[in-house]
Amino acid sequence: MVNLTIDNRKIQAEEGQTILDVARKNGITIPTLCHNDALEPSGSCRMCSVEIGEGARAKVVTSCLYPVAEGLVVNSGSERVKNVRRTVMQLLLARSPESEQLARMAEDLGIHPEPRFKPSEDGSKCILCRLCVRTCETVVGVSAIGFSFRGPEKNVCTPFHESSNICIGCGACASVCPTGHIEMHVSPSGDVRTIWGRDFKMAACSKCGLYFAPEDQLTYISGRTGVPMEELMVCSSCR
Ligand code: SF4
Ligand code: SF4
Ligand code: FES
């Protein structure tokens, strides 16, 4: 165990935990955007910045990556930290001005609608948080999407922007995306889901007939788990 201080509170924590983990466990709220408990931290957004150390040696670190240590002093709400978060948020809002999640978080941080930075001109809502790519790779186990280009052109997409033949249409990337950049549509009758430029035929529940998951996703799950397809063809409500 190590002893540290967060916001003047003396706290004991297990070595190896991050500042963010320890803060949350102790009821201290630190805003995050690219963090998800199911995924390894990536340090992409910097929204979780906190200040460590005191006086002239104090520095700003990303709490989702920084491990706690004996004697560490953390300030999660200093003016310096608030300024970093505000600047990060202004940049993100300029990139994705229509994201409701960002707007809510901006309000909490006291940032008002007019961003200081010029909104992106390519219409992209992607803030490069990598949540979708990491989810597809480590939770779904497919790796159907990644980043292309560099600098301001950098964007998440399928390889060569072509329809991916390994994507299973599960929609996990769209659900985890905080900005609505990933578009997923369902046909009016519910039998086709479209995502990443590809149409996926939806399977109907063998009990109630509701279209509930892409056939490709069920085939993939069956292949990985050995559960027969007939057993998977039942929606969550009928199970
Ligand atoms: S819909 Fe495709 S790209 Fe998105 S998480 Fe599922 S497999 Fe990956
Ligand atoms: S598409 Fe969404 S989840 Fe993926 S990197 Fe961009 S903002 Fe993050
Ligand atoms: S939550 Fe820590 S860098 Fe995004």
Side-chain angles (χ1 to χ4, degrees), residues 18-24 29-50 60-67 76 81 84-85 87-89 91-102 105 109 120 122-149 153-159 161-186 193-200 202 213-221 223-224:
T18 64
I19 296 174
L20 179 66
D21 289 338
V22 174
R24 285 188 166 172
T29 306
I30 295 176
T32 59
L33 253 176
C34 70
H35 185 77
N36 184 306
D37 287 336
L39 303 169
E40 286 293 309
S42 78
S44 305
C45 73
R46 298 190 63 80
M47 189 53 73
C48 67
S49 293
V50 295
V60 174
V61 299
T62 45
S63 65
C64 67
L65 289 174
Y66 204 90
S76 77
V81 161
V84 171
R85 289 186 195 145
T87 305
V88 168
M89 182 52 79
L91 285 162
L92 297 179
L93 277 172
R95 179 127 185 129
S96 181
E98 284 164 26
S99 162
E100 287 172 17
Q101 181 170 334
L102 286 186
M105 196 181 269
L109 294 170
S120 85
D122 60 4
S124 169
K125 293 184 195 161
C126 180
I127 56 168
L128 308 177
C129 71
R130 301 189 72 249
L131 276 172
C132 56
V133 175
R134 289 184 289 145
T135 298
C136 186
E137 185 182 328
T138 62
V139 178
V140 184
V142 169
S143 297
I145 48 177
F147 285 99
S148 63
F149 307 114
E153 307 278 291
K154 192 171 174 182
N155 221 326
V156 64
C157 59
T158 51
H161 289 275
E162 284 171 6
S163 159
S164 162
N165 59 3
I166 57 167
C167 174
I168 56 172
C170 66
C173 51
S175 325
V176 84
C177 175
T179 65
H181 176 74
I182 301 171
E183 292 185 8
M184 183 166 78
H185 303 289
V186 180
R193 172 185 287 175
T194 305
I195 185 166
W196 295 114
R198 198 178 137 199
D199 291 342
F200 291 87
M202 299 292 277
E215 288 180 357
D216 282 15
Q217 181 181 354
L218 299 180
T219 306
Y220 174 78
I221 295 171
R224 282 191 63 152

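Keep in mind that this is a model prediction, so the values were computed, not measured. Start at 1 and go down the list; that is how both ligands and their atoms are numbered.
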Check contact between T135 and ligand 1, using heavy atoms of the residue and a distance below 4.0 angstrom.
no
Do the side chains of H181 and V156 get nearer than 4.5 Å, heavy atoms only?
yes
Do I182 and I195 come within less than 4.5 Å of each other through their side chains, counting heavy atoms only?
yes
Got a second to check how far L128's CG is from S44's OG, nearest 0.5 Å?
8.5 Å
Between D216 and T219, is any side-chain donor less than 3.5 angstrom from a side-chain acceptor?
no
Show which atoms of ligand 1 fall inside a sub-4.0 Å distance from at least one heavy-atom site of W196.
3 (S), 4 (Fe)
Is there a side-chain contact between M202 and E215 in this structure, where contact means two heavy atoms from C-beta onward sitting under 4.5 Å apart?
no
Taking the side chain as C-beta and beyond, is there a heavy-atom pair between C129 and L33 under 4.5 Å?
no
Do you know the tightest heavy-atom contact between F200 and P214?
CB-CB, 4.0 Å
To check your reading of the model: name the closest protein heavy atom to atom 7 (S) of ligand 2, its residue, and the distance in Å.
I127 N, 3.4 Å
For R24, which of T32, T18, T29 qualifies under side-chain hydrogen bond (donor to acceptor under 3.5 Å, both in side chains)?
T32
If the cut-off is 4.0 Å to any non-hydrogen atom of P178, which atoms of ligand 2 fall inside it?
3 (S)
Looking at side-chain heavy atoms only, is the closest gap between R134 and S42 below 4.5 Å?
yes
With a 4.5 Å cut-off on side-chain heavy atoms, are I30 and R85 touching?
yes
Which residue and atom name correspond to the protein heavy atom nearest atom 8 (Fe) of ligand 2, and how close is it?
C129 SG, 2.3 Å
Ranked by distance from atom 1 (S) of ligand 2, the top protein heavy atom is V156 CG1, 3.3 Å
Give the atom numbers and elements of ligand 2 that come within less than 4.0 Å of a heavy atom of C132.
1 (S), 3 (S), 4 (Fe), 5 (S)
Would you say the side chain of L39 lies within less than 4.5 Å of the side chain of N36, judging by non-hydrogen atoms?
yes
Counting non-hydrogen protein atoms only, what is the nearest one to atom 6 (Fe) of ligand 2? Give residue, atom name and distance.
C126 SG, 2.3 Å
Within less than 2.8 Å of atom 4 (Fe) of ligand 3, the count of protein N, O or S atoms comes to 2
CZ/R198 to CD/E162 distance, rounded to the nearest 0.5 angstrom?
13.0 Å
Under a 4.0 angstrom heavy-atom cut-off, which atoms of ligand 1 come close to C167?
1 (S), 2 (Fe), 3 (S), 7 (S)
Does ligand 2 have any atom that is closer than 4.0 Å to a heavy atom of V176?
no
Just to confirm my output: which protein heavy-atom neighbour is closest to atom 5 (S) of ligand 2, and how far is it?
R130 N, 3.2 Å
Shortest protein heavy-atom distance from atom 2 (Fe) of ligand 2, along with the residue and atom involved:
C177 SG, 2.3 Å
Contact flag C173/atom 6 (Fe) of ligand 1, N/O/S atoms, threshold under 2.8 Å
no
Contacting atoms of ligand 2, where contact means under 4.0 angstrom from a heavy atom of I182:
1 (S)
Does a donor on one side chain sit under 3.5 Å from an acceptor on the other, for N155 and S148?
no
